[in-house]
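Notes follow the structure.
Per chain, numbering begins at 1; letters A, B, ... match sequence-line order. FYI, side chains are in, hydrogens and waters are out, and symmetry mates aren't considered; it's all heavy atoms of this structure.
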Amino acid sequence: MMIAVLLLLAGWSLLAGSQPRQFSRIVRHGHLPNRTGIAMRWAGAALLMGALVILVRGEGPSFGVLAWACLLSISAMAVALTLAWLPKAISAT
Amino acid sequence: MEPTFRASMNWLHTWSGVVLGSLLFAIFWMGTLSVFDKEIDRWMMPASRLALPEQFSYETMRPAYKAALAAKAPAVLMLVPNERNPVITALWRNADGSFAQRLFDPSTGTELPDQGTFAASRFIYPFHYTLNLKVFGLGYWIVGLCGMMMMVLCVSGVVIHRKIFADFFTFRPERKIRRATLDLHNVAGVLGLPFHVVISVSGLVILFSLYFPSSIWAVYRQDARLFGREAYGSYVRPPARQAADLVSFDAIVAKARSVWGRGEPNYLYVFNPGDAAACVQVNRASEDVVSNISHVVYVDGVTGEMLSANKPEKPAAVTQRFIAGLHFIQFRHWTLRWLYFGLGLAGCVLIATGLLFWVESRRERHRKLGRSGARVVAAVTVASVTGILIATLAFMVTNRVLPLGGSAFGIERPAIEIVVFHLVWLLALLHAFVSGGRAWVGQCWTISVLALAAVLLNALTTGDHLIRTLADRQLWPVAGIDITLLMATVIAACVALRLARSALADPRASQETGA
Amino acid sequence: MKIFARTALAIVGGYLGTSAIIAALSMIAVAMVGMERSEAATLGSMLGFVIYLGVMIWSFAEPALIRITLWLGAVTALSLTLVLLLGRFTS
């Protein structure tokens, strides 16, 4: 379960980072090459799917899919909220 | 009407949101609390904070049955104690039609003192799907319409959101309050969309036979009552008008278990108690599956023989029970329960920010035009968001302050709690009207104080303070409520400070709130 | 005023229309597909929510009020006729 949560958080972070606008927010004035962006997107999606596999194997098909769907939303919200305060936190240090 | 599809969906989203937003928030808030209804029950009924016995004998339910027999109830429903609800609950209708609920100790079977509260299972939970409006079943229909409109809002919201993927993670709290509100609305809406859709659909599908009975009428014509029998295999028989004793409950459950293979019952429903034609409906607890499937066995109460057994196996019925199960969360899965709670809160945030955005984007314009629309909606929004939180906390605080068996002005204890809830809600609305834009800060402080007061009062009146409840496994539900309340205290205080600071920093805003 | 009429049409008219459609669909499922009665009724009711959602969205998107009224009226009338006809055949 914990591994699945970590995978989801990492997956969403990669997906978020693959968006040029978010990327330049995190890495100041950073430029995201197109190919890296696409690679990050695929890796992120793969991590999300990996979490589904882990949850289904651990919790059984119906509970696994349900838990995955719920965690998918919650972890995405967590990433969005972290991203919101990240630039501030980085510039403060 | 609007020229394009997107424009008309925008119109629909805006206006159905403003008109029904407050009601939707109340329904979502009460639903979110109902995720932990049994835990709130434990908190509000201190005498029921009991440990389950290691070996539960179903014969312990005999005194509960005897009590219903003494009240001449035509039928009695007895809930089997479980981890979340460690008491024997007996529910029945008295001969005069009034409703009765009594609690019994799961180890000894003795009756627990009346806790004088409707708590979560009889106030918060029914509020979620009926608004406690019982006249002509009006509440069901209002909530049903809200459920349909929630789906309309989801669809129209997706249509009007142009950059759904580009804005996926966009939340900019540093921007102006209006922009930040819209960001938060989008994040809560888009990222929580699967939950919002599933929870609205499943809520409606639970009551499909109430909301769309025409298909049942069409197929069954005059004998629509046959539907229940054919779809779910319910069994009925008239009383024999001859007194007879009920066989041992352990024997009845053993009979049911022989049909199920494994599993325990979650309730025993005795029809015609004390009669020679007594019959007991035993339902298998569906805590190991998502579906809220009922696997019922009917046992003859006098001979102990099996009368009928049924389990929905046809595809449509099974689908319906699965969808209902998604909503009911009667399964045993603490992670999922907390996730539902979190997503329910996200739904509350979605509705609240939606209302707030409407107000924020019209405040200036309406003030210049001298219209009161934004002012009225602003006050109603405050009352329906922070107001209902305050009312709920006041409900819990009242529960800990009133002595057992207390009454005032001829009102019984359970009713006083409910009167306080509604009175405080009304006061919150008045306060919102009077103090305008500053109302948010004041009401956030009130939430903070009340939540802290609830925790302290619980420790004072029951002695179950956090250190003790955390150490004792059986008191974890109480600890959970207390910790959640403490978190609410901190969060509400932070929000209040933040709002007060931004009002100071932005002279335009403070001028406005002062005006 | 027009907005009021449209809202009433979408909510009340949409509900009545949907009820008629699902009644007809359930009867067709029983009479022609041979589905069990309880199954057809359950399936029909559950489909009702989806149909009702579609009807509501459509009646707020369609510019001409008269077209909504006519379409809803026609579909409702057709469904009710089907219910009556099939009822006569089966009973």
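Here the CZ-CD1 distance, from B/F341 to A/I74, works out to 10.5 Å after rounding to the nearest 0.5 Å.
Closest approach of A/F63 to B/D288, counting heavy atoms only: CE1-O, 3.4 Å. Between A/M1 and B/T335, the shortest heavy-atom contact is CE-CG2, 3.6 Å. The two residues A/S73 and B/G192 come nearest to each other via the heavy atoms OG-CA, 3.9 Å. Of all heavy-atom pairs between B/L336 and A/C70, the closest is CD2-SG, 4.1 Å.
For chain B, no part of A/A69 is nearby; none of its heavy atoms comes within less than 4.5 Å. Residue contact with chain A, scored on non-hydrogen atoms closer than 4.5 Å, is absent for B/V190. Contact annotation for A/L72: neither backbone nor side-chain heavy atoms come within less than 4.5 Å of a heavy atom of chain B. For B/A180, no part lies under 4.5 angstrom from a heavy atom of chain A.
When each of A/L71, A/L15, A/L81 is scored by its heavy-atom pairs under 4.5 Å with chain B, the top score falls to A/L71.
Heavy-atom contacts from other residues, nucleotides or ligands closer than 6.0 Å to CG of B/L497 number more than 12. Heavy atoms from other residues, nucleotides or ligands lying under 6.0 Å from CH2 of A/W42 number 12 at most.
Residues B/L343 and A/M77 have side chains in contact (heavy-atom distance under 4.5 Å, counting atoms from C-beta outward).
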Next on the checklist: side chain to side chain contact (heavy atoms under 4.5 Å, CB included) for A/L66 and B/Y340? Distances and angles first, verdict last.
Outcome noted: CA-CA 10 Å; A/L66 187 57; B/Y340 267 69; 3.9 Å; yes
